[in-house]
Amino acid sequence: MAEDSDQEKTEEPTSKRLEDAQKKGQIARSRELNTFVMLITSAILLLMLGEQMGNRLLAIMRTQFQLNREIIFDPLSPVIYLKQNMIEGVMLIAPFIAVMVVAAIVAPLALGGWVFSWDALAPKLEKLDPVKGLSRMFALRGLIELVKALLKFLLIFMVAVILSRHFLKELAGLGAEPLEQAISHALNIISICFLVLSASLIVVALIDVPYQLWDHSKKLKMTLQEIKDESKESQGRPEVKSRQRRIQMDMAQNRMMTQVPKADVIVTNPSHYAVALKYDQNSNGAPKLVAKGVDLIAAQIRLLANGANVPLVASPPLARALYYSTGLDKEIPKELYLAVAQVLAYIYQLKIARENNWDEPLPPGNIKVPEHFRQDP
């Protein structure tokens, strides 16, 4: 165990490791990217809708606060006007809020995709441990977060100084402008400054996103021993092996059953064994065994054959010989050519008789099977 703990995590995570991490909500996330998307979206909206929202707000204030004497002294008027103002205010900012909600949902999807995990929502009592909290503060991650915070502060401070110098004269001249023009001009300056300040955070996001991807990949890396243990655990479980075998058998049986209606003949025991043969006269190959089964599977093969009008020929020695000597989709052995040829000749005679409404021929009664191919019941 000591040797295992000393191994370096140099191997890429397995698909199971990635799946388990996703179930626990452990995916790459960048708060800096989310912050940047939210701020830049709100800044663009403010630049596009700011003037319109300001003028609309000014109109609401003018119409709703210039009241005559009768309305002022009416006990119900304050409630009515307050309700009306609230509705108009909500309608005014509704498009802004709607776009921001969409941005808040879409921003995390840009890195890591959509993941919902109950494990991530579950409370973790170890986070309340002050000792572990201090250790996290002074760990490498805490140092990186501190560097990012200082970088953001310095970046925003520098951009704010540049903007204040650029718009200083315009801000000082707002007092000399008419009220509506001053409000519109001020909102325009605020929108531009907000947009530039938000756009400057892309520098932090471009640094943080690669770091978060690298850090997430590093956390999920595994040692060679972990990969071996995981492989043993997944492959060594009896229930896993049993389930895999059952799935494989079901898939193989389903594929086999689809070939029964395409067969030329079904050789039966007649009740315990059933073997489906198909022969392509245009090829140089021998007849192939396309389906076989015993008991319940044999009954299912016979049922499908009857439904597809595939002839059944009862020959217990030949049915058992074909069942035990020939695999699925394999050509029959040379030693059984003569026996199978008798069956196919009968099938072709039967087909011609049915097409011409003749009397059906009798099935072959003495099909010889080599002794070493016989399987006694």
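For clarity, every value in this text was computed on a predicted model and none was experimentally measured.
A search for side-chain hydrogen bond (donor to acceptor under 3.5 Å, both in side chains) contacts involving Ser30 returns Asp208, not counting sequence neighbours. For the side-chain hydrogen bond (donor to acceptor under 3.5 Å, both in side chains) test, no residue two or more places apart in sequence or in another chain qualifies with Tyr337. For Gln349, the side-chain hydrogen bond (donor to acceptor under 3.5 Å, both in side chains) test picks out no residue, with sequence neighbours left out. Scanning for side-chain hydrogen bond (donor to acceptor under 3.5 Å, both in side chains) contacts around Glu360 gives Arg354, with sequence neighbours left out. Residues satisfying the ring-ring contact (aromatic ring centres under 6.0 Å, His included) criterion with Tyr279, sequence neighbours excluded, are absent altogether.
Not a single donor-acceptor pair under 3.5 Å links the side chain of Ser217 to the backbone N or O of Leu213.
Within the 4.5 Å cutoff, the side chain of Pro361 has heavy atoms near those of the Tyr346 side chain. A 4.5 Å side-chain heavy-atom check between Thr35 and Val204 finds every atom pair outside the cut-off. Using a 4.5 Å cut-off on side-chain heavy atoms (C-beta onward), Leu174 and His185 make contact.
Nearest heavy atoms, Ala319 versus Asn269: CB-N, 4.1 Å. For the residue pair Lys330 and Thr326, the shortest heavy atom distance occurs at O-CG2, 3.5 Å. The nearest pair of heavy atoms linking Thr258 to Pro261 is O-CD, 3.6 Å. Among all heavy-atom pairs drawn from Leu336 and Ser325, the shortest one is CD1-OG, 3.8 Å. The heavy-atom pair separating Lys278 from Ala263 by the smallest distance is CB-CA, 4.4 Å. The minimum heavy-atom distance between Gln342 and Pro364, with the atom names listed, is O-CG, 4.2 Å.
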*side chain to side chain contact (heavy atoms under 4.5 Å, CB included) between Ile202 and Ile40: does it pass, once the steps are laid out?*
CA-CA 9 Å; Ile202 193 174; Ile40 200 69; over 6 Å; no
Let me have the donor-acceptor pairs involving side chains of residues 188-201, under 3.5 Å, with sequence neighbours excluded, atom names and distances please.
residue	atom	partner	partner atom	Å
Ser191	OG	Leu46	O	3.3
Ser191	OG	Leu187	O	2.7
Ser198	OG	Leu39	O	3.4
Ser198	OG	Phe194	O	2.8
Ser200	OG	Leu197	O	2.5

Distance-only check: which donor-acceptor pairs under 3.5 Å involve side-chain atoms of residues 150-167, not counting sequence neighbours?
residue	atom	partner	partner atom	Å
Lys152	NZ	Glu32	OE1	3.2
Lys152	NZ	Glu32	OE2	3.4
Ser164	OG	Ala160	O	3.2
Ser164	OG	Val161	O	2.7

Using distance only, find each side-chain donor-acceptor pair of residues 294-315 under 3.5 Å and give its atom names and separation, not counting sequence neighbours.
residue	atom	partner	partner atom	Å
Asp295	OD1	His272	ND1	3.4
Arg302	NH1	Pro270	O	3.3
Arg302	NH1	Ser271	O	3.1
Arg302	NH2	Ser271	O	3.4
Asn306	ND2	Arg302	O	3.2

For residues 95-109, run the donor-acceptor check on the side chains, cut-off 3.5 Å, and write out each pair with its distance to 0.1 Å, sequence neighbours left out.
none

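No continuous path of hydrophobic side-chain contacts links Tyr348 to Leu338 [ILVMFWY only; heavy atoms under 4.5 Å]. Linking ILVMFWY side-chain heavy atoms closer than 4.5 Å, directly or via other members, places Val290 and Met257 in two distinct hydrophobic clusters. In this structure, Leu328 is a member of the same hydrophobic cluster as Leu277, with clusters built from ILVMFWY side-chain heavy atoms closer than 4.5 Å. Taking hydrophobic clusters as Ile, Leu, Val, Met, Phe, Trp and Tyr residues chained together by side-chain heavy-atom distances below 4.5 Å, Leu206 shares a cluster with Leu33.
Sorted pairs that involve residues 258-271 and meet salt bridge (Lys or Arg N to Asp or Glu O under 4.0 Å), not counting sequence neighbours, are lacking altogether. Residues in residues 195-204 take part in no salt bridge (Lys or Arg N to Asp or Glu O under 4.0 Å) pair, two or more places apart or across chains.
Apart from Trp358 itself, the hydrophobic cluster it occupies contains Ile352, where clustering links Ile, Leu, Val, Met, Phe, Trp and Tyr at side-chain heavy-atom distances under 4.5 Å.
Atom CZ of residue Arg31 and atom CD of residue Gln212 lie 8.0 Å apart, to the nearest 0.5 angstrom. With rounding to the nearest 0.5 angstrom, the CD atom of Glu177 is 8.5 Å from the CD atom of Glu170.
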